[in-house]
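In what follows, chains carry the letters A, B, and so on, assigned in the order in which the sequence lines appear, proteins first and then strands, with residues in each chain numbered from 1. Basis for what follows: all heavy atoms, side chains included, without hydrogens, waters or symmetry-related copies.
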There are 2 protein chains.
Amino acid sequence: MNDNTSANDWSKRVHEKWQSLQASADGRVWICMTSAAQLENQLTALEKRRLVGEKLPLLGLTFAAKDNIDALGFPTTAGCPAYSYQPAENASVVQNLEAAGAVILGKTAMDQFATGLVGVRSPQGPCPNAFNPEYISGGSSSGSAVAVARGQVDFSLGTDTAGSGRVPAAFNGLIGYKPTLGIISGYGVVPACRSLDTVSIFSKSVSMAALVAAVARRFDPRDAYSRHCSGKPIGSASGGFKFGVPSEKQLEFFGDAEAPKLFAAAVQHLESIGGEKVSIDYGPLAEAASLLYQGPWVAERFAAVGEWIEANSDACDPTVAKIILGAKNKSALETFRAMYRLKDLQQVAAKLWSQCDFLMVPTAPASYRIAEVLASPIELNTRLGYYNNFVNLLDLAAVAVPTGFWSSGVSFGVNLIGPAFTDDALLHFASRYMNEQPPVATNDERISLAVVG
Amino acid sequence: MNDNTSANDWSKRVHEKWQSLQASADGRVWICMTSAAQLENQLTALEKRRLVGEKLPLLGLTFAAKDNIDALGFPTTAGCPAYSYQPAENASVVQNLEAAGAVILGKTAMDQFATGLVGVRSPQGPCPNAFNPEYISGGSSSGSAVAVARGQVDFSLGTDTAGSGRVPAAFNGLIGYKPTLGIISGYGVVPACRSLDTVSIFSKSVSMAALVAAVARRFDPRDAYSRHCSGKPIGSASGGFKFGVPSEKQLEFFGDAEAPKLFAAAVQHLESIGGEKVSIDYGPLAEAASLLYQGPWVAERFAAVGEWIEANSDACDPTVAKIILGAKNKSALETFRAMYRLKDLQQVAAKLWSQCDFLMVPTAPASYRIAEVLASPIELNTRLGYYNNFVNLLDLAAVAVPTGFWSSGVSFGVNLIGPAFTDDALLHFASRYMNEQPPVATNDERISLAVVG
């Protein structure tokens with residue numbers, strides 16, 4: 001909001017958002033919502049801050065947080081009601097957003113313990129796709145994506161370990177910004193794989209994601225995995241750029257008839273705005289992707305919640321419990337061997353950036369009906385990781401961009417992927433892709449909020 | 001050697017070194033030595049290269065390599081004769097040294113599979129201390145240190161995971177340079193803990209270590225853990241500096257009566273050359289040190305040689321076999337938990353560098369007779385790691401500097417320790433400590449060899 005916004009303007013807008021949400025509540029999307037009293041408290045406090053001239057770059061904006069992210073006044077369940085606890089404070093990222101004036105409207109549904117890319121591993125029932133309720137929303141940040149797609153909030157927070165901030169963006173027609181590891185604090189977030197987790201941002205426009213990123217990204221001494229955010233440019237000054245695409249025979253759509261055409265159209269679109277396509281060897285990336293599910297990192301999930309699940313397995317989604325408890329027998333030996341292999345693959349992957357400025361891959365190779373995923377809960381989930389699982393293991397940044405629709409109505413998306421700290425450059429290319437005005441420098445908190453409205 | 005060195009000068013010197021070594025061979029120090037024919041081949045080839053004007057900054061210098069480092073023409077045994085293999089090529093670091101004109105005189109004894117800080121876990125018998133043969137030489141790079149201390153070679157290569165490049169330096173009156181992880185290639189080295197290993201350098205002077213470092217440190221695409229060497233300065237331009245020392249109650253000498261005085265003298269010496277002592281909290285460093293032996297990293301040793309030891313346990317040192325085979329039951333869960341704890345400790349340790357420019361700790365808290373270590377092979381070994389084990393886990397650089405003697409004649413040393421990539425700054429402080437001329441810029445290969453003679 002601009003400085004001359006009146007109290008009337010911004011708080012009226014937030015109120016309307018809240019009221020409209022109450023009228024359209026859906027337990028498969030929202031786990032809990034801000035009460036009238038909670039809302040009034042937030043609005044009153046914000047108006048005081050506004051009147052004394054505080055900078056509030058997100059004033060007037062509403063958001064939702066995935067339910068593995070602590071927000072004061074709401075229980076954190078991580079998608080498992082029996083696990084519920086009342087946090088003593090906000091997660092650092094929620095703190096940063098509220099400090100900038102954003103108002104939280106509630107907590108959203110998710111694949112339990114952020115273990116899944118499907119959005120059906122939820123005790124509240126499968127989260128329906130925003131465009132076609134027979135189809136999955138994608139996950140694990142299912143509710144956060146659908147809430148934005150339905151227009152219930154301006155943006156939302158997800159988390160992303162294996163693709164949970166990208167897959168639901170694609171299926172619901174959103175931008176899904178998955179930051180470089182560590183630049184948004186994970187303090188106050190229930191870990192999935194702590195060494196590979198990041199908070200992510202969903203929004204309808206790139207500008208909104210960039211605006212939110214600007215206040216969300218803060219070094220945090222309370223998170224040992226926190227890193228300072230240093231921008232890294234990509235592409236040439238002339239505006240020309242090269243984008244890498246898996247070679248024809250490595251493109252994998254698992255039999256989906258429409259996805260190849262949707263992806264080909266995305267390639268053509270990127271060429272039409274000045275990009276030069278480069279065919280890259282996807283083999284090392286696919287191998288890294290397979291390491292995530294087949295390798296030892298699942299033991300990090302056990303480290304986070306495994307003992308609790310052992311004691312409360314009846315209260316858990318059976319697929320989730322099976323995956324996490326299965327990690328108990330992984331050895332230190334296979335852990336180090338996988339890390340050596342990953343190190344090799346990191347060296348190979350690093351060479352990609354001499355061939356191209358960023359990669360473009362489908363976000364999801366195929367879309368599925370809820371019934372299909374319930375019938376084949378592991379295999380179809382794994383397919384959704386094909387273009388996503390390697391990203392955090394290789395310490396890359398990504399922006400999922402929606403581009404086209406399946407004939408079912410479900411949205412198709414692509415991931416723009418670059419080296420760590422190319423976040424702003426990727427957001428810039430995403431805005432070019434979307435034909436938006438390029439986002440302004442995203443670390444300036446005083447961006448005027450042209451995107452609201 | 002200067003450019004006007006004649007063939008006579010340099011090859012005569014190398015010949016004399018070789019002859020003198022043949023006359024004083026000691027199987028507890030040298031596992032195998034360069035034959036007369038091998039020597040002639042090296043000298044002939046080098047003289048040809050000299051005559052065509054090649055830059056040979058190490059011409060005229062001789063060295064030894066620890067027997068876990070591949071050198072063409074010698075078997076690699078890693079201190080276990082049954083493990084012996086004939087390498088097909090030089091380790092990258094040996095290649096770099098020979099390319100610069102250095103001549104290898106043989107391979108040296110070590111604690112088997114680099115598992116030990118004592119120098120007694122060797123099938124050839126305990127390696128005797130250079131100053132008092134009743135005492136341990138320290139390990140695992142025992143032979144490499146003693147060969148330099150006896151003046152048999154100008155410098156030598158060790159390896160250092162837990163302190164193997166520092167403890168033997170201290171006990172034998174040498175400089176022990178333990179580089180930042182990854183800046184000397186590990187390609188062609190039998191791993192101990194691959195993610196924590198580095199090649200190290202022993203020499204009598206800091207200038208010699210710096211000279212050798214200048215050619216040894218090369219990025220190597222064949223080693224996935226290789227890193228580019230970027231210098232990081234420490235201290236102020238005025239020459240004043242602060243050095244951190246464990247608080248009085250955290251200094252640990254395990255009952256050694258003389259070491260506290262020797263260390264106090266080292267502190268005084270550093271103050272006398274302009275340093276300001278700062279008392280630091282050693283707790284987080286001690287905790288990181290204990291993680292190395294009690295934590296999961298020993299599984300890396302199993303990853304390297306565990307299956308071979310399982311099949312050949314009769315051919316192994318029983319202590320070494322017990323340690324490495326014990327790693328088989330470590331889990332992925334405890335691995336990740338230890339890594340999380342290490343990450344916390346890394347954050348804490350990083351704050352040290354706002355308090356001081358570098359740390360100074362004893363290299364070894366006490367010295368032991370060979371007979372004492374044979375009687376208590378695990379416990380006394382662990383003590384020697386007290387001031388060393390944390391260094392590679394926390395990604396630090398170190399230079400061990402000799403300073404004073406126990407009444408037994410065994411040398412006492414201190415470690416100068418700084419953040420990753422402060423190698424040259426630490427070498428600079430080491431030369432000030434030793435009252436040497438400061439080493440010239442160590443990445444210039446054309447350093448004139450004032451140190452020879």
Highest number of heavy-atom pairs under 4.5 Å with chain B among A:S226, A:A303, A:G306, A:P296 belongs to A:A303

Interface check, chain B: of A:Q347, A:K328, A:K343, A:Q346, most non-hydrogen pairs under 4.5 Å belong to A:K343

ask   = Are any of the side-chain nitrogens in B:D281 or B:K351 under 4.0 Å away from the carboxylate oxygens of its partner?
value =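 A salt bridge is absent here (no side-chain N lies under 4.0 Å from a carboxylate O).
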
Q) Thinking salt bridges, do A:E300 and B:R337 make one under a 4.0 Å N-O criterion? A)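 Not counted as a salt bridge, because no side-chain N and carboxylate O are separated by less than 4.0 Å.
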
Exercise for review: Under 4.5 Å, heavy atom to heavy atom: which of residues 179-200 of chain B reach chain A? Give them by number, or say none.
Suggested key: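 The list, in residue order, reads B:R194, B:S195.
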
Query raised in the report: Parallel, tilted or perpendicular for A:W297 and B:F336, by the 30°/60° rule?
Result: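 Correct class here is tilted.
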
Self-check item: Atom group of A:N329 that falls short of 4.5 Å from chain B, counting heavy atoms
Solution: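 Neither part; nothing is under 4.5 Å.
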
### Task
Return the minimal non-hydrogen interatomic distance between B:L396 and B:P419, and the atom names on each side.
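It is CD2-CA, 3.9 Å.
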
Exercise. Answer yes or no: is there a donor N or O on one side and an acceptor on the other, between the side chain of A:Q250 and the main chain of A:Y282, under 3.5 Å?
Key: yes

Q) Heavy atoms, side chains only, cut-off 4.5 Å: are A:Y83 and A:I309 in contact? A)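 They are not in side-chain contact.
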
**Report entry** Side chains of B:N312 and B:E307 in contact at under 4.5 Å (non-hydrogen atoms)
**Finding:**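 No, side chains not in contact.
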
